[in-house]
Structures are given as structure tokens and as C-alpha cells.
Amino acid sequence: MKINHIHDFNLHHEDAFLALQMELKSQIQLTKTISNNSLQNCAGVDLAYWEEDGESVGVCSMVVLDVNSKNIIEKVHSVGKINVPYVPGFLAFRELPLIIEAAKKLTVDPDVFLFDGNGYLHYHHMGVATHASFFLNKPTIGIAKTYLRIKQTDFEMPDDEVGAYTDIVIDGEVYGRALRTRQGVKPVFLSSGNFIDLESSYQIAMNLINQESRLPIPVRLADLETHALRKYYQENKKLAE
DNA sequence: GCGACAG
DNA sequence: ATCTTGTCGC
């Protein structure tokens, strides 16, 4: 698929990262409603890391699912050296290079991308799901497994029922939801990435939950895929020595 | 010094 | 994210 060129990553300092986040946050659009009926396919995105010759290496995999049949339409991935360290609030800068590289390999255009991480639920509304949307030009949704505490605001635990949620409100604004995707399992933290509203994000995410995981199927599959790919690359590395 | 900290 | 064993439950 075609990728927007909005900026490169030759900037490696937090103040530059912050300036870029402030610039992009003004372009976020969270009013669009997207119904499950209008959805054809949905992509899940995740990364895994390991060390190789003292360097950090990562693999990003995208799994595209047909929303109706729940069948896998396409799988792509990218591998490469990771040059940016993880800093809370700046995850996108670490993961985007491989995300973009993987997206370029897609032959289908997913209607929506689901990310392992936050979107609007972020210090500056610029989680990886939101930031990636500017490159992908597609609606994105963020699904984080642990809570990112913003302005000392804790989340309210939702009831232990499938689909139950509590809005995460900070300074009077709804950032996202603590969402119980499965009964008896810890909630996930849902937020819009971009080009979609929170309620649609919720409906789409819940429609992709099965008994396998608390994560939407495409994200879960991408998660499994990155682990399998890491194992594959590490074993090939050993064979090469 | 201590706690916080998406992945 | 990753390092790791057993263990409880469907």
C-alpha cells in the first residue's frame, strides 16, 4: 500500500520528538463513525525484539483479517535494527520505521489498523496508533495491555462482564476506555488512533474478540506472528555461525 | 533518593 | 518489550 511521507527519523532527540507530536496532534480527527457492517478487513500490528551482536533488532508483523469470516487475508512483516530506545511517550518513534516498512508490503488496503499500544490515550494524544495513521492514511485504533497513567489520573475498573467499560476522563476530556473484552480477565485500554470515533473503535474491537485472548484477533495473531518470526530469525542466525 | 514507566 | 517454572482453570 502507499505510504505518506510526512517526515523521516533523522531527529533523535526528545525535544524534536515533542515538537513533532505537538504539530501532528492538531491534525487528529476523531469524529468519523465506522460501522462493522461497512468493514471489509482489519489489520493487526505488533512488534517483538531481541539482541543480536550487541544490537537491538526488531520484527514488525501485520496480519489482515476478513472481518466477516475471520479468515487471514494477508500477512506481511519487516525486520531491522532498532536505533531508538524506548521512552514512555515516544514509543512511536521507536516502532514506526518497521511499521512503515511492513505496511509498504501490503497488497490489500486494510479498512482499519489495530495497534498494540495507545492512540489518543497518551500524554499528548500521540500514541503509536495515532502517529502511524498519518503515514497509513487509514483509521487506526489503539489497544494497550497496561495502563499509561496521565496527569495522575487512575482508571476506574470496569465491571467483570464482557463489553463493560469505563471512560478514561482527564481534565474533562475522554481519552479512551478501560475495556473488559473477556470475563475474569484484566481489561485492555482502548482509544481511537485517528480518523475514527471512540464508539466505533469500541464496536470494532469488541467484534474481533474470541475465546483465545483479551486482545482483538488481528492484534493477537500479529503478536503470535512476531514471536514465531523472532524464533525463526534467531535460529537462522545460529545456523549461519 | 524514590517512584513512575504504552512497548 | 524481554528474562523465566510451575500452576490454576476452561
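It should be emphasised that the depicted structure is a prediction, and the values quoted were computed from it without experimental measurement. So you know, we letter chains A, B, ... as the sequences are listed, proteins then strands, and number each from 1. All heavy atoms count here, side chains included; hydrogens, waters and symmetry mates do not.
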Distance check: side-chain N/O of A:Tyr86 vs OP1/OP2 of B:dA6, anything under 4.0 Å?
yes

I need the NZ-C1' distance between A:Lys145 and C:dA1, as an integer number of Å.
9 Å

Does any donor atom in the side chain of A:Glu156 or A:Tyr165 lie under 3.5 Å from an acceptor atom in the other side chain?
no

Does a side-chain N-to-carboxylate-O contact under 4.0 Å join A:Asp197 and A:Lys32?
no

How many Å lie between NZ on A:Lys231 and P on C:dC3, as a whole number?
13 Å

Whole Å only: how far is the NE2 atom of A:His131 from the C1' atom of B:dA6?
15 Å

Under 4.0 Å, counting only non-hydrogen atoms across every strand here, what does A:Tyr147 touch: a base, just sugar-phosphate, or nothing?
sugar-phosphate

How close or far is atom P of C:dA1 from atom CD of A:Glu95, stated in whole angstroms?
10 Å

Should the pair A:Glu161-A:Arg182 be classified as a salt bridge under the 4.0 Å nitrogen-to-oxygen rule?
no

Does any donor atom in the side chain of A:Glu95 or A:Tyr86 lie under 3.5 Å from an acceptor atom in the other side chain?
no

Taken to the nearest whole Å, CZ/A:Arg214 to P/C:dG9 is 19 Å

What does A:Phe115 touch in the nucleic acid at a heavy-atom separation under 4.0 angstrom: a base, only the sugar-phosphate, or nothing?
nothing

Classify the nucleic acid contact of A:Val87 as base, sugar-phosphate or nothing, counting any heavy atom under 4.0 Å across all strands shown.
nothing

Is there a side-chain polar atom (N or O) of A:Thr146 under 4.0 Å from OP1 or OP2 of B:dC5?
no

Can you measure A:Ile82 atom CD1 to B:dG7 atom C1' for me and round it to whole angstrom units?
11 Å

Indicate, with a heavy-atom threshold strictly under 4.0 Å, whether A:Gly142 touches base, sugar-phosphate, or nothing.
nothing

